[in-house]
Amino acid sequence: MSPHASLLSPTALITQLRQAGCVFAEEEAELITATARTPHELVRMADARSTGLPLEHVLGWTRFHGVRLVVEPGVFVPRPRTEFLAEQALALTRPQALVVDLCCGTAALGAVLATHRQGVRVHAADIDAASVRCARRNLTPLGGQVHHGDLFDPLPPALLGRVDVLVVNAPYVPTREIGLLPAEMREHESQRSLDGGPDGLDVVRRVAARARVWLAPRGHLLVQAHPDQVAQACDAFTRGGLVATSVTCQDTDTSVVVGRRPPA
Ligand SMILES: C[S@@+](CC[C@H](N)C(=O)[O-])C[C@H]1O[C@@H](n2cnc3c(N)ncnc32)[C@H](O)[C@@H]1O
């Protein structure tokens, strides 16, 4: 978009965003300006951001671990902290691996694995129809498939016992802490994408209980959690018949619990 055609000067845009409480007003203004295709769209985007719509929903895209992803309205915005989970999953993903991204949202994790490892086949699934539509836009061009339904239910049975990497960023915020999240998240991402039940681990437990039968003999399950949840998550993995370990990123206060099938 030509800046000369703008209805909103760069300075006015920054001022509007700053007044709306955007801490990184300059950076956001640059992204909005680069994304808007017309001056009118720029104004619409600035207004939407000023009402508190998350920047990624305003832009319609984000970057996650170097991959540009479509982010549709209402769909969970991939968080920078989840790049730690992506890195752990990448370390365990060989070329040609069969990968499943459960609770996929935009399919950020599956898209990273498909982009950075040659020949990887990705299946993703989510219970939310808007997420499934969005994930298809991100994953189909990479050769992946996206299924709609509760956890493992919609996966093709042919994947049973064959999954090399099962990567899951499920909702894990304890219900009582949902109210403490920024309004941007509470108002524009679904409760189902955030709320993990009384201790945050309801969905993680259901995943851990059913993962083993889907994993290849040397396959791995990787789940994101808060460091305070690691002991209970490991417990759930053990009850699901997996050997569990964990790694924590101190910078982002994020853990990844890794499970594998015990040696035969
Ligand atoms: C925290 S978001 C993570 C999204 C994505 N994995 C990411 O890291 O950006 C959790 C996702 O789990 C999905 N979800 C919640 N319960 C589910 C269930 N029972 N089965 C499948 N997906 C579920 C939500 O719709 C949401 O997209």
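Counting convention: from 1, in listed order, for ligands and their atoms alike. For the single chain, residues carry numbers from 1 onward in sequence order.
Residue, atom and distance of the protein heavy atom nearest to atom 19 (N) of ligand 1 are Asp150 OD1, 2.6 Å. Ranking protein heavy atoms by distance to atom 4 (C) of ligand 1, first place goes to Cys103 O, 3.4 Å. Remark: minimum distance from atom 15 (C) of ligand 1 to any protein heavy atom is reached at Arg192 O, 3.4 Å.
Nearest-heavy-atom check against atom 7 (C) of ligand 1 across Asp101, Thr62, Leu69, Asn169 picks out Asn169. With atom 2 (S) of ligand 1 as the reference point, the heavy atom nearest to it among Ser193, Gly196, Ala124, Ala108 is part of Ser193.
Both the backbone and the side chain of Asp126 come within contact range of ligand 1, each with a heavy atom under 4.0 Å. Contact annotation: for Ser190 versus ligand 1, there are no heavy atoms closer than 4.0 Å. Counting heavy atoms closer than 4.0 Å to ligand 1, residue Arg206 contributes side-chain atoms (C-beta onward) but none from N, CA, C or O.
Each salt bridge (charged side-chain N to carboxylate O under 4.0 Å, His left out) pair with one or both residues in residues 13-26, not counting sequence neighbours, appears once here: Arg18-Glu26.
Rounded to the nearest 0.5 angstrom, Glu177 CD and Leu181 CG are separated by 8.0 Å. Between the CZ atom of Arg49 and the CG atom of Leu17 there is a distance of 7.5 Å, given to the nearest 0.5 Å.
For ligand 1 and Cys104, the ligand atoms under 4.0 Å from any heavy atom of the residue are 4 (C), 5 (C), 6 (N). Taking a cut-off of under 4.0 Å to the non-hydrogen atoms of Gly149, the atoms of ligand 1 that pass are 20 (N), 21 (C). When each atom of ligand 1 is checked for a heavy atom of Asp128 under 4.0 Å away, the hits are 25 (O). Interface of Pro78 with ligand 1, defined as ligand atoms under 4.0 Å from a residue heavy atom, comprises 9 (O). Contact atoms of ligand 1 toward Thr82: 8 (O) (distance under 4.0 Å to a heavy atom of the residue).
Taking the six-membered ring for Trp and thresholds of 30 and 60 degrees, Phe152 and Trp214 have nearly parallel ring planes, at less than 30 degrees apart.
Taking any N or O of Leu151, backbone or side chain, at least one lies under 3.5 Å from an N or O belonging to ligand 1. Taking only nitrogen or oxygen atoms, main chain and side chain alike, Ile127 reaches within less than 3.5 Å of ligand 1.
Taking the charged nitrogens against the carboxylate oxygens, Arg210 and Asp153 do have a contact shorter than 4.0 Å, which makes a salt bridge. Checked for salt-bridge contact, Asp150 and Arg206 meet the test: a charged N lies under 4.0 Å from a carboxylate O. A salt bridge does not link Arg205 to Asp235: none of the charged nitrogens lies less than 4.0 Å from a carboxylate oxygen.
Geometrically, Arg79 engages Phe76 in a cation-pi contact, judged by NZ or CZ lying under 6.0 Å from the ring centre and within 45° of the ring axis.
Heavy-atom distances between Pro171 and ligand 1 reach below 4.0 Å in at least one pair.
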What do the steps show when you test Arg186 against Ile178 for side-chain contact (heavy atoms from CB on, under 4.5 Å), and what is the final call?
CA-CA 7 Å; Arg186 279 184 281 115; Ile178 296 286; 4.3 Å; yes

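Side chains of Thr175 and Asp195: a donor-acceptor N/O pair is present below 3.5 angstrom, by distance only.
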